[in-house]
Amino acid sequence: MVQVVNVVASGALDVELDLEVVARDLVDIVNYDPELYPGAYFRFDDDAPLITLYRTGKYIITGASSEAEAGRFRNEFLALLNRHGIVSDADDAWFTVQNYVCMANMERSFNLSALAIGLGLEVTEYEPEQFPGLVYRPHDHACVLLVFATGKVVITGAPEIAAAEAAFSAFRESIEALLADE
DNA sequence: TAACTAGCTTCTTATATAACAATGCATG
DNA sequence: CATGCATTGTTATATAAGAAGCTAGTTA
């Protein structure tokens, strides 16, 4: 099974915002430095997900560990903007999860050089001097898998959890097929 | 020369390596 | 008291995605 460790979602509010004003009204939770980056950062707690709001009303949520958590923070974010008269309920346009970052464990170790050949050099990248993980981009899946010698796997780029699970299942079957060949 | 495109900035998260800095402790 | 080794800690490396804005390069 794959475990979700990070969710990236984005949404839009149908209003143009003056981020200088928003940052001034919500000093305690907003961090805005237009010289550094055009987005205003909202953080409700030290280890809570980060919400980045833009001038156009679009925003992104990063660091949630489930879709439900991303949704809860979105609600809290909208309620806060409502209370301060920055937006109204009618301004809420859309909201979608864009990327699930998941973790899985094969419970066995790998020789990554051999694995790169087994999976196919055209779908793998393995340069241990640059990065210790093997990058696997299967043709039939939208996800990218990072495979480590310890057997741990990171699956990223999935727009839905099911896509990450399917990619991991397929990876597992490829491993079994490779073992059967020997 | 204008318009367009591409690539970088910011952030999050798991994963694992090396290289580095800084500190702790022991021995000469 | 100073030097050496060990341990701990931080940073870099790579992956995906969204967003706006800047720059650099290409093309008409």
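All values below come from the heavy atoms of this structure, side chains included, with hydrogens, waters and symmetry mates left out. Chain letters run A, B, ... following the sequence lines, proteins first and then strands; every chain starts at 1.
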*Report the nucleotide, chosen from C/dA20, C/dT13, B/dA14, that has the shortest atom-to-atom distance to any side-chain atom of A/Tyr37.*
C/dA20
*asked:* Do A/Tyr126 and A/Tyr136 pair up side chain to side chain, a donor and an acceptor below 3.5 Å, judged on atom types alone?
replied: no
*Compare all side-chain heavy atoms of A/Leu78 with those of A/Leu13 and state whether any distance is below 4.5 angstrom.*
yes
*A/Asn99 side chain: which of B/dT15, C/dA16, C/dA20 is closest?*
C/dA16
_With a 4.0 Å limit, can you tell me whether A/Gln130 has a side-chain N or O closer than that to the phosphate oxygens OP1/OP2 of C/dT13?_
no
*asked:* Tell me the interatomic distance from A/Ile161, atom CD1, to C/dA17, atom C1', rounded to whole angstroms.
replied: 15 Å
_Of the listed nucleotides (C/dA20, B/dT12, C/dA16), which one gets closest to any side-chain atom of A/Val8?_
B/dT12
*Could you go step by step and tell me if A/Leu115 and A/Thr124 meet the side-chain contact (heavy atoms from CB on, under 4.5 Å) rule?*
CA-CA 9 Å; A/Leu115 185 61; A/Thr124 57; over 6 Å; no
*Which nucleotide sits closest to the side chain of A/Ile60: C/dG18, B/dT15, B/dT12?*
C/dG18
_Interatomic distance where OH belongs to A/Tyr54 and C1' belongs to C/dA17 [whole Å]_ = 11 Å
_What contact category does A/Val144 fall into here, base, sugar-phosphate, or nothing, at under 4.0 angstrom with non-hydrogen atoms?_
sugar-phosphate
*Out of C/dT15, B/dT12, C/dA20, which has the shortest distance to the side chain of A/Thr56?*
C/dA20
*Could you walk me through whether A/Val123 and A/His139 pass the side-chain contact (heavy atoms from CB on, under 4.5 Å) check?*
CA-CA 7 Å; A/Val123 289; A/His139 285 314; 3.3 Å; yes
*Among B/dT15, C/dA14, C/dA17, which nucleotide sits nearest the side chain of A/Thr150?*
B/dT15
*Whole-Å distance separating the OH atom of A/Tyr59 from the P atom of B/dT12*: 19 Å
*Nearest-angstrom distance from the residue atom CD of A/Glu16 to P of C/dA19*: 15 Å
_Using heavy-atom distances to pick each residue's nearest nucleotide on DNA chain C, tell me which of A/Gly39 and A/Asn6 is more 5'._
A/Asn6
*Write down the distance between CD1 (A/Ile61) and C1' (C/dG18), rounded to a whole number of angstrom.*
11 Å
*How are the rings of A/Phe42 and A/Phe77 set relative to one another: parallel (under 30°), tilted (30 to 60°) or perpendicular (over 60°)?*
perpendicular
*Does A/Leu36 or A/Val5 map to a spot on DNA chain B nearer the 5' end, using the closest nucleotide for each?*
A/Leu36
*asked:* Checking contacts here: which listed nucleotide (C/dA20, C/dA16, C/dT13) is nearest the side-chain heavy atoms of A/Pro132?
replied: C/dT13
*Less than 4.5 Å apart, any side-chain heavy atom of A/Val4 and any of A/Glu69?*
no
_Selected nucleotide, minimal atom distance to A/Arg137 side chain, candidates C/dA17, C/dT15, C/dA19_ = C/dT15
_How many whole angstroms separate atom CD of A/Glu35 from atom P of C/dT23?_
12 Å
*Please determine, for the side chain of A/Gln98, which listed nucleotide (C/dA20, C/dT15, C/dA17) has the closest atom?*
C/dA17
*Within this structure, what is the CD-to-P distance between A/Glu127 and B/dA16, rounded to whole angstrom?*
19 Å
*Between C/dT15, B/dC11, C/dA19, which nucleotide gets closest to the side-chain atoms of A/Tyr41?*
B/dC11
*asked:* Tell me the interatomic distance from A/Asp46, atom CG, to B/dT12, atom P, rounded to whole angstroms.
replied: 11 Å
*Tell me what A/Leu146 touches on the nucleic acid: a base, only sugar-phosphate, or nothing, going by heavy atoms under 4.0 Å.*
base
